[in-house]
Each structure stands twice: as structure tokens, then as C-alpha cells.
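Since the structure comes first, as C-alpha cells, the remarks are kept for the end.
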Amino acid sequence: MTRCTLLLITSGESGRKALSEGMLLAERYVDALPLDLTIVESTPFAVAPAKRIQDRVSFPAALEDPTAAATSVGPLQAIWNGKRWLTPGSCPPKPSEDNGATEWQWAHYHAVLDASEDSIMVLWDIYVVPVIERMAA
């Protein structure tokens, strides 16, 4: 079973709407993956107004975690910025003065800061397995 953590920047309005939107986004993320995967668990584990997160976001800096998904809040496999998916392999380049941070850390930082203050951010975990494994069990 593989854990994927998604940062979902939702349209806001209410926590309930953000969770509903998050569920749909998590399913769409898995459906768009190139492998035939099935979700065995899907759950939000943090929900907060964008303004609260924006006030606390850390300026990107070098991390001890060398993995491609590393960010200041832990590994993120994808970010829904309200318009499109960003992933470690498909994000904008980092600035020339990168402070030792990766492109992905900069993408995370900008996604958080560029979000509308009235949006709601959701960290969502999905656990997936290949369909064949699921069928064998």
C-alpha cells in the first residue's frame, strides 16, 4: 500500500464544502495516474483557512529530506492549486536565488501564498494499491 499526501486548495465557503471538494479531487488525482490503482483508504487529516496557513508558511530553505516530494510540512505528492495539479516533476522552475530549496519546495510556497485568503486548504492522504493486488486479496 502506498501513501500519497495531497495539498488541496479548495474554493472555500465552508469546511464541509472543502471536504466534499477534496474527496472529488483525491479521486481525480488517482484516476489520472498512469497505473491502474485503486484507493483503499482516503482521508483528510488537516483542514484550515488559507489565511492561517499563509501567516505561518516558511520561506523555502534546504531540507534534510532528499526525496523529490519533500516540503517544509512533510512529503507532498501533489498540490491542487485551485486551477491545476502540480507535482514534483511538473512544477515551475525555482528562482535563481533559491536559498538551497528545490523547485518543489518553491512550488509549495507559491501555491500557499498565491491562494485566495478565503479558500480552505486540506491535507488529504490517499492509500492506493495496484488493482491486481486488490483483486488477489
Side-chain angles (χ1 to χ4, degrees):
M1 183 166 33
T2 302
R3 174 185 174 190
C4 298
T5 301
L6 312 174
L7 170 59
L8 308 173
I9 301 173
T10 68
S11 56
E13 294 182 29
S14 71
R16 183 179 183 148
K17 184 172 187 280
L19 292 174
S20 177
E21 189 176 338
M23 186 181 322
L24 291 172
L25 288 166
E27 288 175 8
R28 287 183 191 151
Y29 173 78
V30 171
D31 289 345
L33 292 174
L35 301 173
D36 203 7
L37 299 172
T38 186
I39 298 174
V40 292
E41 188 177 341
S42 177
T43 185
F45 70 89
V47 179
K51 179 69 175 132
R52 183 181 309 157
I53 305 302
Q54 290 166 332
D55 289 345
R56 293 181 169 97
V57 69
S58 300
F59 192 74
L63 298 174
E64 290 183 24
D65 183 351
T67 61
T71 70
S72 60
V73 296
L76 295 174
Q77 281 66 42
I79 298 169
W80 174 256
N81 70 0
K83 298 177 185 130
R84 69 182 182 110
W85 287 105
L86 301 171
T87 63
S90 68
C91 59
K94 61 185 176 180
S96 57
E97 298 288 327
D98 62 19
N99 202 32
T102 65
E103 290 177 338
W104 186 234
Q105 289 174 265
W106 281 99
H108 169 249
Y109 178 75
H110 287 298
V112 169
L113 286 185
D114 293 346
S116 168
E117 287 186 6
D118 62 345
S119 64
I120 295 176
M121 296 189 184
V122 180
L123 284 175
W124 198 289
D125 273 347
I126 54 174
Y127 295 86
V128 296
V129 295
V131 170
I132 292 177
E133 278 185 36
R134 179 72 178 212
M135 293 170 68

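In this chain, residues are counted from 1 in sequence order.
- A continuous path of Ile, Leu, Val, Met, Phe, Trp and Tyr side chains, each step under 4.5 Å between heavy atoms, connects Trp104 with Val112, placing both in one hydrophobic cluster.
- Summarising the geometry, atom CZ belonging to Arg3 is positioned 11.0 Å from atom CD1 belonging to Ile126; distances are rounded to the nearest 0.5 Å.
- By the salt bridge (charged side-chain N to carboxylate O under 4.0 Å, His left out) test, Asp118 is found to be paired with no residue, residues two or more places apart in sequence or in another chain being considered.
- Take Asp31 and apply the salt bridge (charged side-chain N to carboxylate O under 4.0 Å, His left out) test, not counting sequence neighbours, and it matches no residue.
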Verdict with supporting geometry, Phe59 and Trp106, ring-ring contact (aromatic ring centres under 6.0 Å, His included): CA-CA 9 Å; Phe59 192 74; Trp106 281 99; 5.2 Å; yes
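- Heavy atoms only, all atoms of each residue included: Cys91 and Ala107 are closest at CB-CB, 3.7 Å.
- The side chain to side chain donor-acceptor pair (under 3.5 Å) test applied to Asn99 returns no partner, not counting sequence neighbours.
- For residues 4-24, the set of pairs meeting the ring-ring contact (aromatic ring centres under 6.0 Å, His included) definition, not counting sequence neighbours, is empty.
- Between Ile120 and Gly15, the shortest heavy-atom contact is CD1-N, 3.8 Å.
- No side-chain heavy atom of Thr10 sits less than 4.5 Å from a side-chain heavy atom of Lys17.
- Remark: the Glu21 side chain and the Ser11 side chain contain an N/O donor-acceptor pair separated by less than 3.5 Å.
- Residues satisfying the side chain to side chain donor-acceptor pair (under 3.5 Å) test with Glu103, not counting sequence neighbours, are none.
- Under the 4.5 Å side-chain heavy-atom criterion for Ile, Leu, Val, Met, Phe, Trp and Tyr, Val128 and Val122 are members of the same hydrophobic cluster.
- Listed by first and then second residue, the ring-ring contact (aromatic ring centres under 6.0 Å, His included) pairs that reach into residues 11-55 are Tyr29-Trp85, sequence neighbours excluded.
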Could you walk me through whether Met121 and Leu7 pass side-chain contact (heavy atoms from CB on, under 4.5 Å), step by step? CA-CA 7 Å; Met121 296 189 184; Leu7 170 59; 4.2 Å; yes
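- Annotation: side chain to side chain donor-acceptor pair (under 3.5 Å) contacts of Ser119 (sequence neighbours excluded): none.
- Contact detail for Ala69 and Pro88: the closest heavy-atom pair is CA-CG, 4.1 Å.
- No continuous path of ILVMFWY side-chain contacts below 4.5 Å connects Leu25 to Ile79, so the two sit in separate hydrophobic clusters.
- Side-chain contact between Leu86 and Pro92 is present, with at least one heavy-atom pair separated by less than 4.5 Å.
- A side-chain N or O of Asp125 and one of Thr5 form a donor-acceptor pair less than 3.5 Å apart.
- Considering all non-hydrogen atoms of both residues, Ala26 and Leu6 come closest at CA-CD1, 3.9 Å.
- Under a hydrophobic-cluster definition in which Ile, Leu, Val, Met, Phe, Trp and Tyr are linked whenever side-chain heavy atoms come within less than 4.5 Å, directly or via other members, Ile53 and Val47 are assigned to different clusters.
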Could you walk me through whether Val73 and His108 pass the side-chain contact (heavy atoms from CB on, under 4.5 Å) check? CA-CA 10 Å; Val73 296; His108 169 249; 3.9 Å; yes
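- In terms of hydrophobic clustering, with Ile, Leu, Val, Met, Phe, Trp and Tyr side chains grouped at heavy-atom distances under 4.5 Å, Met23 and Leu123 are assigned to different clusters.
- In terms of heavy-atom proximity, Ala48 sits nearest to Arg52 at CB-NH1, 4.3 Å.
- Grouped by direct or indirect side-chain proximity (heavy atoms under 4.5 Å, Ile/Leu/Val/Met/Phe/Trp/Tyr only), Leu24 sits alone.
- With sequence neighbours excluded, the residues that form a side chain to side chain donor-acceptor pair (under 3.5 Å) with Ser90 are Thr87.
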Does the side-chain contact (heavy atoms from CB on, under 4.5 Å) test come out yes or no for Asp114 and Asn81, once each step is laid out? CA-CA 9 Å; Asp114 293 346; Asn81 70 0; over 6 Å; no
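- Side chain of Gln105 to main chain of Gly100: no donor-acceptor pair is present (N/O by atom type, distance under 3.5 Å, no hydrogens or angles).
- Scanning for salt bridge (charged side-chain N to carboxylate O under 4.0 Å, His left out) contacts around Arg56 gives an empty result, with sequence neighbours left out.
- The stretch residues 81-99 participates, sequence neighbours left out, in these salt bridge (charged side-chain N to carboxylate O under 4.0 Å, His left out) pairs: Lys94-Asp98.
- In the hydrophobic clustering (ILVMFWY side chains linked at under 4.5 Å, chained through shared members), Leu63 stands by itself.
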Show your reasoning for whether side-chain contact (heavy atoms from CB on, under 4.5 Å) applies to Val129 and Thr2. CA-CA 6 Å; Val129 295; Thr2 302; over 6 Å; no
Show, in sequence, the C-alpha distance, side-chain angles and deciding distance for Ser42 and Trp124, and conclude whether the side chain to side chain donor-acceptor pair (under 3.5 Å) test is met. CA-CA 7 Å; Ser42 177; Trp124 198 289; 2.6 Å; yes
